[in-house]
There are 2 protein chains.
Amino acid sequence: MPVRQKNSKPSARRRTPEARPYHHGDLRRVLIDAALQLAAEGAEVSVREAARRAAVSPAAPFRHFPNRDALMAAVAEEAQRRFRVEIEAALAEAASADPLARFRAFGVAYVRWAMHNPAHFEIISTGRYFAYDSSAELTRDNAELVALTERMLAEAASQGLLRSADLKRILIAGRALIYGFARMNLDGHFPRWGVEEGQIERMAEEVIDLFIAGIAKG
Amino acid sequence: MPVRQKNSKPSARRRTPEARPYHHGDLRRVLIDAALQLAAEGAEVSVREAARRAAVSPAAPFRHFPNRDALMAAVAEEAQRRFRVEIEAALAEAASADPLARFRAFGVAYVRWAMHNPAHFEIISTGRYFAYDSSAELTRDNAELVALTERMLAEAASQGLLRSADLKRILIAGRALIYGFARMNLDGHFPRWGVEEGQIERMAEEVIDLFIAGIAKG
DNA sequence: TCCGTTATGTAATCATCGATTACATTTCGG
DNA sequence: CCGAAATGTAATCGATGATTACATAACGGA
């Protein structure tokens, strides 16, 4: 139980560093971070536990989120943002490569992040919190990633690298392959390949290469 | 609230049809069915609601399942059994076709069942209840489906239908593709293609055909 | 047939959780 | 300086998973 500091005057204008003010600095942000951390620890995210970690009453979070789903949507938004940042960083390194090599780099980075942030990836990918605020950054960031792969494949097509011209089908298959590979690993459908040792990433590379070989000309 | 029939003697040896006996016929079975139905209705499965539907006290289920996860594992087992039955029925119809055509039929049946039984597929696929009883029929049925696809691909290879000899990689990619396609649909990552109209199945066929074309020789 | 053991169901109770309501405190703009 | 708005708290509700003590029925041997 947190010790309430009552020794300083409650109405002190300048709060001394050790006195906790009645109002939290940015509770909303702290709650999201706490929830992200909870998920990362493998615990299931409860509003109360997030409040506990923020040293705040169980009802306080509801001043910032109408309900638990709204908090989870905010968590998903932040996770999706981080996901996108990492993917784009990986693609920036491969910026000069040909479109199919970039697609490969995309897929590997995708799987890599998912395996290193399984709970966050789960929150993003189940789509349970997509619906809550359809105009959110969450949707935008996700759409941007999809558009990214779409552009790579379109570029590959325009350079005559692809056998088939049916981009829509190729895009869907590619997304399904990468998504499925990541989720099957997280859902325990594959042997527990080492994450740290990079075995999963190597396997991801091989699978993506197989796919690319299947759609590439020649 | 269910009306307790107290008019018949409590100790009647032959229970009249309208008198409910103290002991349920096969509560375990009824609870599993109730849970399956709850999931199918889109509701979240709670032990209490299952008990309610079985017209039994909230504590009764715990005589048959040590905890909620054990009930869910039993539900998963039944769902997996039904899944396997349907897949094998679909494959029986295509028994005379060549291996790659059978693989295609497998994938389409897979997606079809997943789209028609989204909640049951979710329970099976998340793997949250796989761990509970690792020796269960659940694991066996799932392994059998994997072995099925493995055999089809091996046969295709032995008939010289495949470009690459790396069966392991092809198997993983194929599974990831089909699993990913099904899950992405259920998770809302694709437009809501009509289920009844067969649009998803048609799309599944196209995607699987793309994959087959990628691994097939010539 | 009787009786005791075991299987199965009930009642009562607990802790946890999401959520709401009334109230308290702080902040901030006019 | 003051009142409204923002933000936090206390108390409480209903639902849920789970446990414990107890009640009842089923079953099998003497």
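Every value quoted in this text rests on a predicted model; they were computed, and no experiment measured them. Here is the naming used below: chain letters follow the sequence lines, and residue numbers restart at 1 for every chain.
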Integer-rounded Å distance: C:dA7 P and B:Arg28 CZ: 15 Å
Salt bridge A:Arg81-A:Glu78, side-chain N to carboxylate O under 4.0 Å: yes
Closest listed nucleotide, where the reference is the side chain of A:Ser57 and the choices are D:dG17, D:dT9, C:dT8: D:dT9
Nucleotide of C:dT10, D:dG8, D:dG17 approaching B:Val47 most closely (side-chain heavy atoms): D:dG17
Minimal non-hydrogen separation, A:Ile87 against A:Leu145, with atom names: CG2-CD2, 3.9 Å
Among D:dT9, C:dA12, D:dG17, the nucleotide that comes nearest once only the side chain of B:Arg48 is considered: D:dG17
C:dA7 phosphate, OP1 or OP2, under 4.0 Å from B:His64 side-chain N/O: no
Side chain of A:Phe62 - closest among C:dG18, C:dA22, D:dT19: C:dG18
Sugar-phosphate only, base, or nothing, as touched by B:Arg68 at under 4.0 Å among non-hydrogen atoms: sugar-phosphate
Residues A:Arg151, A:Glu144: salt bridge by 4.0 Å N-O rule: yes
Side chain of A:Ser46 - closest among C:dG18, C:dT8, D:dG8: C:dG18
Interatomic distance, A:Glu44 CD vs D:dG17 P [rounded to whole Å]: 12 Å
Interatomic distance where CG belongs to A:Asp69 and P belongs to C:dC17 [whole Å]: 17 Å
Gap between atoms CG and C1', on B:Leu27 and D:dT24 respectively (whole Å): 15 Å
Test log, rule side-chain contact (heavy atoms from CB on, under 4.5 Å), inputs A:Arg53 and A:Leu38: CA-CA 10 Å; A:Arg53 299 215 173 176; A:Leu38 273 172; 3.5 Å; yes
Spacing of A:Arg63 atom CZ relative to C:dG18 atom P, expressed in whole Å: 18 Å
Spacing of A:Phe65 atom CZ relative to C:dA19 atom P, expressed in whole Å: 13 Å
Rounded distance in Å - CD (B:Glu49) to C1' (D:dG17): 15 Å
Closest-nucleotide 5' rank along DNA chain C - winner of A:Pro66 and A:Arg52: A:Arg52
Short N-O contact, A:Asp26 and A:Arg29, less than 4.0 angstrom: no
